[in-house]
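I have placed the structure first, in the form of structure tokens, so that the comments after it can refer back to it.
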Amino acid sequence: MIGSSVVLRTRSWIVLCLGGFLGCSTIGSPAALAADCPGHPDALGTSRTLVVDPHEHPLIGTMQYRETLPLRDHEVVLTFDDGPLPKYSNQVLKMLDDECIKATFFIIGSQAKANPEGVRKLVAAGHTVGTHSMNHPLTFDRMPIEKAEAEINGGIEWTSAAMTDPSKLAPFFRIPGLMRAEGVEHHLISRGIQVWSADFPADDWRHVSSDRVYQLAIQRLEAKGKGILLLHDIQARTVAALPKIIRDLKARGYRIVHVVPATADRPATPTTPVEWLLHPPTETVPIARWPSVPSFVFTQTRTLPAPSLADLNARTEHQPLLPRRTKGQMDVASALPVPGRALFAIPEGSVEVLLSTTLSRRAATRLAMAAETPHAARGKAAKGKTAKSQVRHTAHAAPAAPKPAAQAKSATPRSTRIASLKKRA
């Protein structure tokens, strides 16, 4: 069961806790989830708050990484990049407030420098604020690590400077354009900063209509069933699509999850490793491929250890009962020579090689028969010589005893009939 470290808003839910399992299932209608949203009884609301430790799971988002947030079925995390831009960010902020939705914002340092009040509004509304570099360069995958570090530090510096309380800045970072690089990831992980990708985008940075943004968001969410949605709060098309996205989330029974970082006073939500997979494997789903053969490390010595009597569980008091040959081998060196490589070599074109392929079995059979033919011929010749010698031996042998009358009568040649002779003529 999920511990008390999970921060839950007070709502009139029905909670079904299953004994023996880690976790509980939360079921509720949109109206029940919106009980803490005054003036908006039909609001979507925020179902729960998930506390994560960046050190334990530093890379999340299945668009690029193996793990994602440990969400239950039909749970969604809304994220917004590239703000704050007052013209559009303020509209997005109001929509979320009207629905009592908590989201995660990844701020660009130059935007925070130009619009510090927008950052403070996000913090005051209770949203999670991470960073998105200083100038949003789309070259993180190939820039020197020193330059990437300057971009990361600039975003953190100006975003935290815009806050009344810099400790509110979450150690969350999203690489601009998702242009990931191992050097950048290792640098962020070493500083305890969690790298966020996403599970599906809505393509709202492209030149598409707001209807297309709405369609992509819902279609991709339905395909995965849960996950992190990537949006941008600096686009007019996103502002136009967001009300329809929220409307469909309510209609389809989706729930919003708010993500915050763990602190000394707020421990991480207890989870199991398999919960961080988008679709954990089950025993009912067959494995698509065989597991890989492990690579063994072989010794490089010239000898192999030989078994000793200790390996055979032979006790000292039982040694007199052993055969003399065994007792004589007790003083032999405890190492055996390694067999030579030639011992396992199979000459090219041999029967063993030909038999290894189906097409060469006939050739192998012919080779085997040809190899056996000289032996068969020699065997037949030997049998012939034996028979001739037996005949010669019989000819020189003493005359046999006279046969009985019955045998002599049967041995007498029969008379040939005249009719048969005429036929032959």
Side-chain angles (χ1 to χ4, degrees), residues 5-7 48-71 77-84 102-113 116 118-120 122-136 140 145-146 148-199 228 230 233 257-271 276:
S5 60
V6 180
V7 183
R48 68 184 180 111
T49 299
L50 177 66
V51 186
V52 299
D53 186 348
H55 295 89
E56 294 181 358
H57 301 274
L59 305 171
I60 60 171
T62 54
M63 284 184 67
Q64 295 174 297
Y65 306 119
R66 179 176 177 269
E67 291 186 335
T68 188
L69 292 172
L71 303 177
V77 174
L78 297 183
T79 64
F80 296 88
D81 289 5
D82 298 354
K102 303 301 179 186
T104 301
F105 289 80
F106 292 94
I107 304 300
I108 294 179
S110 58
Q111 297 280 52
K113 181 179 179 181
V119 178
R120 288 191 284 270
L122 294 174
V123 176
H127 298 288
T128 299
V129 176
T131 56
H132 197 40
S133 81
M134 182 64 189
N135 299 295
H136 200 283
F140 261 77
I145 189 61
E146 295 79 13
E149 185 178 0
E151 281 286 341
I152 294 168
N153 292 338
I156 293 174
E157 178 184 352
W158 284 102
T159 303
S160 59
M163 298 178 173
T164 306
D165 182 5
S167 66
K168 297 294 184 181
L169 180 63
F172 299 161
F173 184 85
R174 179 172 277 160
I175 299 174
L178 304 183
M179 309 298 289
R180 60 175 295 268
E182 290 187 359
V184 175
E185 292 166 354
H186 292 161
H187 173 76
L188 291 165
I189 292 172
S190 67
R191 296 172 59 176
I193 299 175
Q194 191 174 50
V195 182
W196 281 53
S197 182
D199 292 316
I228 306 169
L230 171 59
D233 60 321
V257 174
H258 184 208
V259 184
V260 297
T263 62
D265 300 328
R266 183 175 55 194
T269 300
T271 58
W276 291 79

Nearest heavy atoms of [X] and [Y], plus distance in Å:
X	Y	answer
Ala262	Val51	CA-CG1, 3.5 Å
Val259	Thr104	O-OG1, 4.1 Å
Pro70	Thr271	CG-CG2, 3.9 Å
Pro54	Pro171	CG-CG, 3.9 Å
Leu50	Val257	CB-CG1, 3.8 Å
Thr128	Ala170	CG2-CB, 3.7 Å

Approximate separation, where rounding is to 0.5 Å, of [X] [atom1] and [Y] [atom2]:
X	Y	atom1	atom2	result
Phe105	Asp233	CZ	CG	5.5 Å
Lys113	Asn135	NZ	CG	9.0 Å
Met134	Gln111	CE	CD	10.0 Å
Ile152	Thr131	CD1	OG1	8.0 Å
Gln64	Met179	CD	CE	9.0 Å
Leu122	Thr159	CG	OG1	10.5 Å

Within a reach of under 6.0 Å around CH2 of Trp158, are more than 12 heavy atoms found that belong to other residues, nucleotides or ligands?
no
Would you say CZ of Arg66 has more than 12 non-hydrogen atoms from neighbouring residues, nucleotides or ligands within 6.0 angstrom?
no
Output yes when a side-chain donor or acceptor of [X] lies under 3.5 Å from a complementary backbone atom of [Y], and no otherwise.
X	Y	answer
Thr62	Tyr65	no
His136	Pro176	no
Arg174	Asp81	no
Glu185	Leu59	no
Lys102	Ala125	yes
Glu67	Ile60	no
His127	Ala103	yes
Arg120	Ala162	yes

Which word best sums up how the rings of Trp196 and Phe172 line up, parallel for under 30°, tilted for 30 to 60°, or perpendicular for over 60°?
tilted
Classify the ring geometry of Phe173 against His132: parallel below 30°, tilted from 30° to 60°, perpendicular beyond 60°.
tilted
Val52 and His57: side-chain contact (heavy atoms from CB on, under 4.5 Å), yes or no, with the steps?
CA-CA 8 Å; Val52 299; His57 301 274; over 6 Å; no
In sequence, state the C-alpha distance, the side-chain angles, and the governing distance for Asp165 and Ser167, and then conclude on side-chain hydrogen bond (donor to acceptor under 3.5 Å, both in side chains).
CA-CA 5 Å; Asp165 182 5; Ser167 66; 2.7 Å; yes
Go through it in stages, so that I can follow the logic: the residues are Thr164 and Val123, the test is side-chain contact (heavy atoms from CB on, under 4.5 Å), and I'd like the CA-CA distance, side-chain angles, deciding distance and then a yes or no.
CA-CA 9 Å; Thr164 306; Val123 176; over 6 Å; no
Given the rule in the side-chain contact (heavy atoms from CB on, under 4.5 Å) test, do His187 and Glu149 qualify, once you have shown the distances and angles that lead to the verdict?
CA-CA 8 Å; His187 173 76; Glu149 185 178 0; 3.5 Å; yes
Can you find a heavy atom in the side chain of Pro84 that is under 4.5 Å from one in the side chain of Ile107?
yes
Should Arg266 and Pro261 count as side-chain neighbours, where that means a heavy-atom distance under 4.5 Å?
yes
